[in-house]
Amino acid sequence: MTDTIETVVFPVAGLGTRFLPATKSVPKEMLPVVDKPLIQYAVEEAVAAGAQRLVFVTGRTKNAIADFFDTAYELETELAAKNKDDLLAIAQSVVPEGVDCLYVRQSQPLGLGHAILCAKPLVSGAQFGVILPDDLIHHPQDPVMCQLARHHHATQASVVSVNEVAPAHVNRYGVVDAPEFEGRFGAMRGIVEKPEPSQAPSNLAVVGRYLLSSQILDILEHTPPDHRGEIQITDAIATLLNTERVDAYRFEGAQFDCGNKLGFLQATVALGRAHPELGQDFSNWLDAN
Ligand code: UTP
């Protein structure tokens with residue numbers, strides 16, 4: 001048993017309506033923060049946690065994602081012919097060797113739980129990770145999926161990453177009931193999707209990183225859609241809690257909700273300032289303007 005994860009699922013079939021018009025023809029996961037598309041940050045995090053099987057749950061308008069992880073023969077031939085070795089290395093390093101990219105289509109956006117269920121035939125192992133690429137979490141020294149994998153290794157529990165949000169905003173998130181924390185984690189008693197602030201069990205909201213027992217896939221098959229017709233992963237986790245331990249984990253790292261425009265701008269500034277080549281010049285410019 002190691003503290004790595006074999007399979008990570010990336011549900012990327014959502015419509016990205018909050019980012020229109022940019023997402024009319026470009027998947028939001030392909031929008032670049034500084035110099036990399038959101039999906040590449042997510043893949044780098046999964047690979048850092050040891051994932052060798054990357055499963056992308058895509059939709060009709062998401063072909064650019066599969067193209068991005070494919071070999072770009074024309075581009076590579078051109079760069080090699082011009083001896084642009086640095087650029088060639090960048091183009092070739094998008095997916096490390098030995099890592100497989102697999103794709104499955106979600107034919108209709110029937111919810112995050114349904115998207116994860118679509119990955120079932122491609123998931124291997126007793127547990128698997130889930131990363132929502134629009135939740136960008138910056139912690140290059142210890143990526144969040146590595147933090148979750150370590151916690152799972154130590155406890156064998158499923159783990160859901162959480163963050164404090166303003167109590168008035170809990171109705172935008174899955175919210176956990178985990179009354180006692182020991183350091184960064186607390187055993188969950190329950191979880192609810194988008195509760196009214198007066199009914200919420202806490203102000204700890206689920207962020208887009210999960211490390212789940214594969215049992216959740218069987219549960220999802222029997223999880224009914226909610227009032228909006230979507231199958232929620234939150235409901236399936238609530239059922240999993242009846243038979244298995246699931247911990248809420250307060251991760252270390254700066255989180256940006258890049259599914260909305262403000263979060264995306266904040267990520268651009270934070271990662272621009274931290275960029276190894278551009279950071280100093282960009283910070284100087286920001287501070288002077
Ligand atoms: P969001 O709630 O951000 O929805 O989904 P969205 O459709 O992507 O964006 P908006 O709200 O219209 O702007 C959270 C994650 O779940 C995936 C999305 O791709 C995103 O990574 N998702 C959601 C699916 O893959 N399928 C779905 O049916 C719903």
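All residue numbers in this chain count up from 1 along the given sequence.
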Are V9 and V123 packed together at the side-chain level, in the sense that at least one heavy-atom pair is separated by less than 4.5 angstrom?
yes

Are F128 and L54 grouped together when hydrophobic residues (ILVMFWY) are joined by side-chain heavy atoms under 4.5 angstrom apart?
no

Student check: side-chain heavy atoms of I233 and I216 closer than 4.5 Å:
yes

Non-hydrogen side-chain atoms of E221 and D218 separated by less than 4.5 Å:
yes

Stepwise, does the side-chain contact (heavy atoms from CB on, under 4.5 Å) test hold for I231 with L110?
CA-CA 6 Å; I231 296 177; L110 295 177; 5.6 Å; no

At what distance, to the nearest 0.5 angstrom, does CG of D257 lie from CG of D134?
6.5 Å

Assign the ring pair F56 / Y103 to parallel, tilted or perpendicular, where the plane angle (0 to 90°) is split at 30° and 60°.
parallel

Can you tell me if CG on D86 sees more than 12 non-hydrogen neighbours from other groups inside 6.0 Å?
no

Distance in Å, S25 OG paired with M30 CE, rounded so as to fall on 0.5 Å steps:
12.0 Å

Using a 4.5 Å cut-off on heavy atoms from C-beta on, say whether the side chain of C101 contacts that of V95.
yes

Between D35 and H275, does the side-chain contact (heavy atoms from CB on, under 4.5 Å) criterion hold? Intermediate values first, please.
CA-CA 9 Å; D35 52 3; H275 192 276; 3.0 Å; yes

Under a 4.5 Å cut-off applied to non-hydrogen side-chain atoms, are V206 and T234 in contact?
no

Please say yes or no: joined through hydrophobic side-chain contacts below 4.5 Å, possibly via intermediate residues, are V207 and V130 part of one cluster?
no

Would you check if the distance from the ring center of H151 to the ring center of F185 is below 6.0 Å?
yes

Could you tell me whether F19 and F264 have their ring centroids closer than 6.0 angstrom?
yes

Is K24 atom NZ crowded by more than 12 heavy atoms from other residues, nucleotides or ligands, each under 6.0 Å away?
no

Taking everything shown except R245 itself, do over 12 heavy atoms lie less than 6.0 Å from its CZ?
yes

Give a yes or no answer on whether the side chain of R172 reaches the backbone of A205 with a donor-acceptor pair at less than 3.5 Å.
no

Between D247 and E182, is a side-chain contact (heavy atoms from CB on, under 4.5 Å) present by the stated rule, with each step listed?
CA-CA 11 Å; D247 285 353; E182 233 177 86; over 6 Å; no

Cation-pi check for F181 against R250: NZ or CZ below 6.0 Å from the six-membered ring centre and within 45 degrees of the axis, yes or no?
yes

Drop me the distance from I191's CD1 to I237's CD1, to the nearest 0.5 angstrom.
4.5 Å

Test V43 against F69 for side-chain contact (heavy atoms from CB on, under 4.5 Å), laying out the working first.
CA-CA 10 Å; V43 161; F69 291 109; 3.5 Å; yes

Determine whether I39 and K62 make a side-chain contact, defined as any pair of heavy atoms from C-beta on separated by less than 4.5 Å.
no

For Q92 and E76, test the side chains for any donor-to-acceptor distance below 3.5 angstrom and give the result as yes or no.
yes

Got a sec: does the CD of E44 have more than 12 other heavy atoms crowding it under 6.0 Å?
yes

Linking I/L/V/M/F/W/Y whenever their side-chain heavy atoms sit closer than 4.5 Å, directly or via other members, would M188 and V192 fall into one cluster?
no

Is there a donor-acceptor pair closer than 3.5 Å between any side-chain N or O of T7 and the backbone N or O of S124?
yes

Atom pair OH (Y249) and CG (L211), whose distance is rounded to the nearest 0.5 Å
11.5 Å

State whether the side chain of N203 and the backbone N or O of V165 hold a donor-acceptor pair below 3.5 Å, judged by distance alone.
yes

Side chains of L271 and F256 in contact at under 4.5 Å (non-hydrogen atoms):
yes

Counting N and O atoms only, with roles assigned by atom type, does the side chain of Q255 sit under 3.5 Å from a partner on the main chain of D135, one being a donor and the other an acceptor?
no

Could you grab the distance from atom CD of Q266 to atom OG1 of T268, nearest 0.5 Å is fine?
9.5 Å

Using side-chain heavy atoms (C-beta onward) and a distance below 4.5 Å, is V8 in contact with V47?
no

Please check if the side chain of S214 supplies one atom and the backbone of A126 the other of a donor-acceptor pair under 3.5 Å.
yes

Between CD of E78 and NZ of K82, what distance do you get to the nearest 0.5 Å?
4.0 Å

For the backbone of P143 and the side chain of E45, can you confirm whether one donor and one acceptor N or O come within less than 3.5 Å of each other?
no

